[in-house]
2 protein chains.
Amino acid sequence: MLKKHHEYAKGLLKERNLKATTTRIQVISLISAYKTAMPLSKIQQSLANTDRVTLYRTLNALLEKGLIHKAFSSGEDTYYALCSDSCSTHAHQHDHIHFKCKVCQMVTCEYPEEKVVVSFPGFKVDSLNVSAVGVCGRCA
Amino acid sequence: MLKKHHEYAKGLLKERNLKATTTRIQVISLISAYKTAMPLSKIQQSLANTDRVTLYRTLNALLEKGLIHKAFSSGEDTYYALCSDSCSTHAHQHDHIHFKCKVCQMVTCEYPEEKVVVSFPGFKVDSLNVSAVGVCGRCA
DNA sequence: TTTTTAAATGCAACAATGTTGCAATAATAG
DNA sequence: CTATTATTGCAACATTGTTGCATTTAAAAA
Ligand SMILES: [Mn+2]
Ligand SMILES: [Mn+2]
Ligand SMILES: [Zn+2]
Ligand SMILES: [Zn+2]
């Protein structure tokens, strides 16, 4: 059951030429098993015996290599989600948006039917960041 | 020239039942004169002889009363902009988006022609936050 | 204008979050 | 299995923001 995520994590790390260390495997497995974006506070709880610094360095490594991304960041917590294959070592490529349910606090990556497009005359838009807050299906 | 912003600031403060203290007037005047959203670092520079704590408390007061809003927040800096009249003591009501030019670092509030709408089945969207990064007209 | 009083300020101390240098340790290539 | 190199843990530091409290200031009352 956890083995599945564990093996998956190892594969991802090898693909991106990152050493498959215990902490990295644990972080990826955790987020993978969590299904929705996982708040840092929960990751920390689960890895309570891992040094704070190591966790930060691990998250930074995974962010840089395009394995995870910041899905939401409020004053309270920062949520991390696994990247899809479209993200590479050199660039994140996200065309989705992030939704936070204000009831259950869950944060998810959502892919709306109509792609969000914004343009203003005279400006060149390189990247767009869209996040929404509301009530999720289960809480409604 | 600065008098104008100064008087404007006093008016805004009175409207929202905030005491017209020196720091508050200065902060509002500064942002008002800055035209685009002003980074905290610059506000701090301009108010170097004001206590750090006072500045934080001032910004919080202005945020709570709907006089200013956070326009952009990167790891580097947080940008503050004046609110329009639609924001009140009790709720911010922003239907605009925030643009940051990655060349000149300027952050502006923009009102695209087509209003951005996002919906996913099963979710109730209360608020939408859209920010864009790119190149502004002057830098293009 | 002067007095009163309630709120804002400055200071010191604290808290939370993240970063850096370096010696000890663990992962992987040979 | 051994050698090599990256990762880890620890201590120390940095940055950002918050809290309690005595002093000062703004604005209302006299
Ligand atoms: Mn996402
Ligand atoms: Mn704005
Ligand atoms: Zn929910
Ligand atoms: Zn520009």
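Since this is a predicted model, take the numbers as computed values, not measurements. Here is how names work: the chains are called A, B, and so on, in the same order as the sequence lines, proteins then strands, and each is numbered from 1. Worth knowing before you read on, the calculation uses all heavy atoms, side chains too, and leaves out hydrogens, waters and symmetry mates.
- B:Ala20 comes within contact range of the sugar-phosphate backbone alone, with a heavy-atom separation under 4.0 Å but no base atom that close.
- The distance between atom CZ of B:Arg57 and atom P of D:dT23, rounded to the nearest whole Å, is 16 Å.
- In this structure, A:Leu62 atom CG and D:dT7 atom P are separated by 11 Å, rounded to whole Å.
- Between the side chain of B:Thr54 and the backbone N or O of B:Thr50 there is no donor-acceptor pair closer than 3.5 Å.
- Using a 4.0 Å heavy-atom cutoff across all strands shown, B:Leu40 reaches sugar-phosphate atoms only and no base atom.
- B:Ser74 places a side-chain N or O within 3.5 Å of a backbone atom of B:Glu76 that can act as its donor or acceptor partner.
- Distance, A:Asp51 CG to C:dA23 C1': 14 Å, rounded to whole Å.
- Where B:Thr22 and A:Thr58 meet DNA chain D, the nucleotide closest to each residue was compared, and A:Thr58 sits on the side nearer the 5' end.
- When the P atom of C:dG18 is taken as reference, atom CZ of A:Arg52 falls 9 Å away, rounded to whole Å.
- Side-chain atoms of A:Ser41 and A:Tyr79, non-hydrogen and from C-beta on, never get closer than 4.5 Å to each other.
- B:Glu64 has its CD atom 14 Å from the C1' atom of C:dA8, to the nearest Å.
- Residue A:Asn60 is in sugar-phosphate contact alone, with no base atom involved, counting any heavy-atom pair closer than 4.0 Å across all strands shown.
- Between B:Lys10 atom NZ and D:dA26 atom P there is a gap of 10 Å when expressed in whole angstrom units.
- For the pair A:Tyr80 OH and C:dG18 C1', the interatomic distance rounds to 10 Å; values are reported in whole Å.
- In terms of position on DNA chain C, the residue among B:Val53 and B:Thr21 whose nearest nucleotide sits closer to the 5' end is B:Thr21.
- Judged by distance alone, the side chain of A:His98 and the main-chain N or O of A:Ala71 form a donor-acceptor pair under 3.5 Å.
- Along DNA chain D, the nucleotide nearest to B:Leu18 and the one nearest to B:Glu76 differ in position, and the one closer to the 5' end is contacted by B:Glu76.
- Heavy-atom distances to DNA chain C give each of B:Leu55 and B:Lys19 a nearest nucleotide, and the one nearer the 5′ end belongs to B:Lys19.
- Between A:Thr50 and D:dT8 there is no side-chain N or O to OP1 or OP2 distance below 4.0 Å.
- Here the straight-line distance linking atom CG of A:Leu63 with atom NE2 of A:His69 works out to 9.5 Å at 0.5 Å rounding.
- Regarding A:Leu13, its CG atom lies at a distance of 18 Å from the P atom of C:dA26, rounded to whole Å.
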